[in-house]
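Every chain is numbered from 1, with letters handed out A, B, ... down the list of sequences.
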Amino acid sequence: MKASLSYVDGNAAGELNTIFAVDITKAKGQCANCGAKAQFAEAHVYTECPGLIARCASCGHVLLRLVNAGERVFLDVSGMTYLRFER
Amino acid sequence: MWRTATVVALRDETATARTLALAVRDWPGHVAGQHVDVRLTAPDGYSAVRSYSIASAPDSNGGIEITIERLPNGEVSPYLTQEVMVGDELELRGPIGGWFVWRSTQMEPIQLVAGGSGIVPLMAMLRSRGSASNSGPFRLLYSVREVAAAFYRDELAALSNQGDSMAITYAYTRVTPTGWPRPAGRIDGSLIASVTWPATLRPTTYVCGPTPFVEHAAELLIATGYDRERIKTERFGATGERK
Amino acid sequence: MTIISRGFTGRRSGADAKLPPGQYLTTDFPVLSAGPTPRMSLDRWEFAIDDSRNILKRWDWKSFRELPTENFTVDLHCVTRWSKLATPWEGVPLDILLADVKTNFQYAMFHSYGDYTTNLPLKDVMNKQAWIAFKYNGADLEPEHGGPARLLVPHLYLWKSAKWVKGMTLMPHDKPGFWESAGYHIYGDPWKEQRYSEE
């Protein structure tokens, strides 16, 4: 199945930076599905949905899901084995 | 975390792109390559947020400039490029991004590759280089539809004529000027090989523009031997508008 | 305090209409997606109903298109607050697809090409409340809007109307799908403004 190129990338971190105390664009992560290690800024980010979805640029697996639910924020990072931040 | 920004000046870059100069209350400063999120709110509470790269070099006066391209079906860009007046206020969040940045302490060769409105953050890098009197060698490959679609043409010409190791190549995808050596079309491997820094110089590369452009350009650079780890990319989405 | 942007209205119509709480009317048709648009060729497309153990029914495109269809016009309400009224579709009612299916299970997880899932009570997709739609506004449903075929369950928020649908798994208990496990409401009634999870 040919993919369409309608994603942005992890540089679009405005929402995510409201939750993390450090800049997620400088973080490196490992995909829990294929094991690829990459800069979070290189992740394929879909912001045109009822939330933010970041997918592994190598295998397409969902790395992170963010939903702004009014006064609450839901964050699922189970698609990453780890996220490594620079201070 | 939303700050108030006041529009202090407007400047048209092309028939469809406009630069807004903003004074931002409590602006913490920025680094070239970063962007801001702009939020517009209608009287009934409906709001829309879009990301725009900062076009200006860091300055100590609490001011920044953003350049916006008006998209035909845009919801925010027509408002920002046609309705906004000097004195209006906008809400801003940022600066955002610590990875796709150029700092004036960098002295290695820099390769910039811009597709359409992707020139904006790269222009901030060139302006930052100028204001910091950094003389590291830069090359820019700027791909646009046609001459009239290019932003900052005069300023870029002045920079490359100064002869201080800054060179620009334009690539036109739809309409070329008369006598242009290369026919209209997408950038390709032979263009990359002839105008970018040789891979052996190990430049740091910044590629910015619509997502399909960035994917294509990055692939071409890697094919000529560029180190994937030294290529930084920023994708603007399918049409070039980031949300 | 939020700053109101002088003269900004966004891409919306000013028409007065009865909308669920917190919704705005739109005249265009926004495309929202959590991933790349799957490009499915019709000769590989199928829709299957299973119960986790067995496939109970299955149609390929040819047999699916031989089923009776309906033209119907419905209002769409997206949890991102836009509503689009009187949208015209053609599709196969779920009542027809479920006609010979015997089950005690009361819930279903719908699956799409790609990795999207959404859960629904079976009673919400029966009794003329849901279709597998393949035409919008008289033309083949475009991939970006869920083509070749998508689920439509207009009485709930539009995230329940799974694009690129490929099947449903009947289940005894309700389980959250893609958005329901990420913070959205397990049911999603726009008239009760059930946007978010009650966790």
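Nearest heavy atoms, A:Gly51 versus C:Tyr184: N-OH, 4.3 Å. Considering every non-hydrogen atom in both A:Cys49 and C:Ser33, the closest pair reads CB-O, 3.4 Å. Between A:Arg55 and C:Ala34, the closest heavy-atom pair is NE-O, 2.9 Å. Closest of all the heavy-atom pairs between C:Trp179 and A:Val67 is CZ3-CG2, 3.8 Å. What you find for C:Ser197 and A:Phe74 is that their closest heavy atoms are CB-CZ, 3.9 Å. When all heavy atoms of A:Arg72 and C:Glu198 are compared, the closest pair comes out as NH1-C, 4.2 Å.
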A:Arg65 and C:Ser181: CA distance, side-chain angles, deciding distance, side-chain hydrogen bond (donor to acceptor under 3.5 Å, both in side chains) verdict: CA-CA 10 Å; A:Arg65 297 186 296 173; C:Ser181 59; 3.2 Å; yes

Go through A:Val62 and C:Phe178 one step at a time and tell me if the side-chain contact (heavy atoms from CB on, under 4.5 Å) criterion holds. CA-CA 10 Å; A:Val62 173; C:Phe178 185 94; 4.0 Å; yes

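At most 12 heavy atoms of other shown residues, nucleotides or ligands fall within 6.0 angstrom of atom CG in C:Asn104. Atom CD of C:Glu142 is surrounded by 12 or fewer heavy atoms from other residues, nucleotides or ligands within 6.0 Å.
Counting heavy-atom pairs closer than 4.5 Å to chain A, the top residue among C:Val31, C:Asp115, C:Val79, C:Leu158 is C:Asp115.
For C:Asp60, the side chain to side chain contact (heavy atoms under 4.5 Å, CB included) partners two or more places apart in sequence, or in a different chain, are C:Lys62, C:Ser63.
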